[in-house]
Amino acid sequence: MHRFNALAAALLTTSLLAAPWAAGDSPAKSAAKPPAAAATDPEPSVEPAAAEWRRDPACQLVFFAVLEGLYTDGVSDEAVNLIVPPNSGKAGVEHSFVFRCPLCHAAYEAFVLYQNRTAFNGSGEQRSTMGSTFDPKITEQLKSKEVRTRVYAMGALIRPWIEKRMNLMKLGEKDQQALLKKLIAQAAEGDKLFRAYRKDVKSVYHEWMFYGGCQACEAAEQVAKQMDRR
Ligand SMILES: [Zn+2]
């Protein structure tokens, strides 16, 4: 009986693999599929490979630092939309960040989350925020046609947030050193990725011909190096 079950399972598997509808679809379901669906490639994921950034403490630090800063400074929707054009997928990441760079991605996700935030209960607003210290001059810099100006403005905006968050965490000496090391290592990874992209003349980053293209990484690295020296 036992042997029969194993044989039956093996036969079933073989027939499934050999069938043209082997992906788990029934033949009837495959036939019902409109032919256009197979021809359209889905939009590629903008998330860094393996989604490791989600578990990485350095990426989490950047994510929460940016989200916190956006709320506490009360950054305007206009400014946020200039950093990440809404609903624009890969192009939205590449507007201000290095595509699939873990630290950049953490910052990008925080901007997108804030962009899609809801109102506080009972406020009657479309989207609520907290503080009001955001400097509108930054909005003007973000409007610049020069990539350098707007990307640097984003980097300068988030740098103090990362530093503030790092100080708020009040880590012990050993943990702080470990986190700073991780930030520096992740920033170096981002820089490597950026340099590889930049070599491609067709890449959007080819025109990012200025030092430290990866500004979210650059901000994290600067904070880490400064704190490391203290
Ligand atoms: Zn980066």
Side-chain angles (χ1 to χ4, degrees), residues 45-76 79-80 83-84 93 96-118 120 127-135 138 142 151-197 210-230:
S45 167
V46 298
E47 194 175 24
E52 272 165 21
W53 74 274
R54 298 189 195 187
R55 291 177 290 276
D56 184 273
C59 293
Q60 287 185 8
L61 166 76
V62 169
F63 175 82
F64 288 117
V66 173
L67 189 62
E68 180 177 35
L70 286 163
Y71 270 106
T72 51
D73 282 13
V75 176
S76 67
V80 171
I83 293 169
V84 180
V93 185
S96 308
F97 304 95
V98 171
F99 188 62
R100 287 186 179 160
C101 159
L103 286 185
C104 280
H105 192 76
Y108 163 80
E109 288 289 355
F111 276 105
V112 173
L113 183 59
Y114 183 79
Q115 191 170 52
N116 292 299
R117 73 198 184 280
T118 53
F120 296 138
R127 277 184 286 275
S128 306
T129 191
M130 290 174 168
S132 55
T133 52
F134 175 67
D135 182 355
I138 299 171
L142 292 170
V151 174
Y152 269 39
M154 183 278 297
L157 177 68
I158 70 172
R159 197 171 306 130
W161 298 342
I162 297 171
E163 189 169 6
K164 186 179 160 195
R165 178 98 203 143
M166 196 79 205
N167 287 324
L168 278 171
M169 286 168 88
K170 292 198 188 310
L171 294 172
E173 177 76 20
K174 219 176 115 193
D175 289 341
Q176 175 155 315
Q177 284 305 319
L179 189 52
L180 294 179
K181 239 176 150 172
K182 253 193 177 311
L183 276 173
I184 293 170
Q186 287 282 30
E189 274 304 303
D191 192 51
K192 220 162 79 186
L193 200 60
F194 169 67
R195 280 168 201 280
Y197 288 148
F210 46 86
Y211 172 72
C214 213
Q215 279 306 298
C217 282
E218 183 81 0
E221 189 186 22
Q222 273 185 21
V223 171
K225 283 188 171 161
Q226 252 169 34
M227 292 187 83
D228 204 24
R229 277 200 290 271
R230 277 180 211 156

Parallel, tilted or perpendicular, as decided by the 30° and 60° cut-offs, for the rings of Phe111 and Trp161: tilted
Pairwise side-chain contact, Thr129 with Val75, heavy-atom cut-off 4.5 Å (strictly under): no
Donor-acceptor pair, side chain of Asn116 and main chain of Val112, under 3.5 angstrom: yes
Closest non-hydrogen atom pair between Ala216 and Ile158, with its separation: CA-CD1, 3.8 Å
Short side-chain to backbone donor-acceptor contact, Arg159 and Glu218, under 3.5 Å: no
Heavy-atom pair with the smallest gap, counting every atom of Asn167 and Met227: OD1-CE, 3.2 Å
Closest approach of Ile184 to Lys225 (non-hydrogen atoms, all atoms of both residues): CD1-CG, 3.9 Å
Heavy-atom pair with the smallest gap, counting every atom of Ser96 and Met154: O-CE, 3.5 Å
Donor-acceptor side-chain pairing of Gln186 and Trp53 below 3.5 angstrom: no
Test side chain to side chain contact (heavy atoms under 4.5 Å, CB included) applied to Arg117 and Leu70, step by step: CA-CA 11 Å; Arg117 73 198 184 280; Leu70 286 163; over 6 Å; no
Partners passing ring pair (Phe, Tyr, Trp, His ring centres under 6.0 Å) against Phe99 (at least two apart in sequence or in another chain): none
Rounded distance [0.5 Å steps], OH in Tyr152 versus CD in Gln215: 5.0 Å
Residue of the set Tyr108, Tyr71, Phe134, Phe64 for which ring pair (Phe, Tyr, Trp, His ring centres under 6.0 Å) holds with Tyr114: Tyr71
Stepwise side chain to side chain contact (heavy atoms under 4.5 Å, CB included) check, Glu68 with Leu168: CA-CA 12 Å; Glu68 180 177 35; Leu168 278 171; 3.6 Å; yes
Arg165 CZ to Thr72 OG1 distance, which is reported to the nearest 0.5 Å: 10.5 Å
Flag side-chain contact, heavy atom, 4.5 Å: Met169 against Gln176: no
Rounded distance [0.5 Å steps], CG in Asp56 versus CG in Leu179: 8.5 Å
Steps toward side chain to side chain contact (heavy atoms under 4.5 Å, CB included) verdict (Gln222, Glu163): CA-CA 9 Å; Gln222 273 185 21; Glu163 189 169 6; over 6 Å; no
Nearest heavy atoms of Cys214 and Cys104, plus distance in Å: SG-SG, 3.3 Å
pair Leu171-Gln177: side-chain heavy atoms closer than 4.5 Å: no
Any donor-acceptor N/O pair, Gln60 side chain to Arg54 backbone, under 3.5 Å: yes
Side chain to side chain contact (heavy atoms under 4.5 Å, CB included) between Glu221 and Leu103, worked out: CA-CA 10 Å; Glu221 189 186 22; Leu103 286 185; over 6 Å; no
Cys59 to Ala106 - nearest heavy-atom pair and separation: O-CB, 3.3 Å
Gap between atom CD1 of Ile83 and atom CG of Leu142 - 0.5 Å precision: 4.5 Å
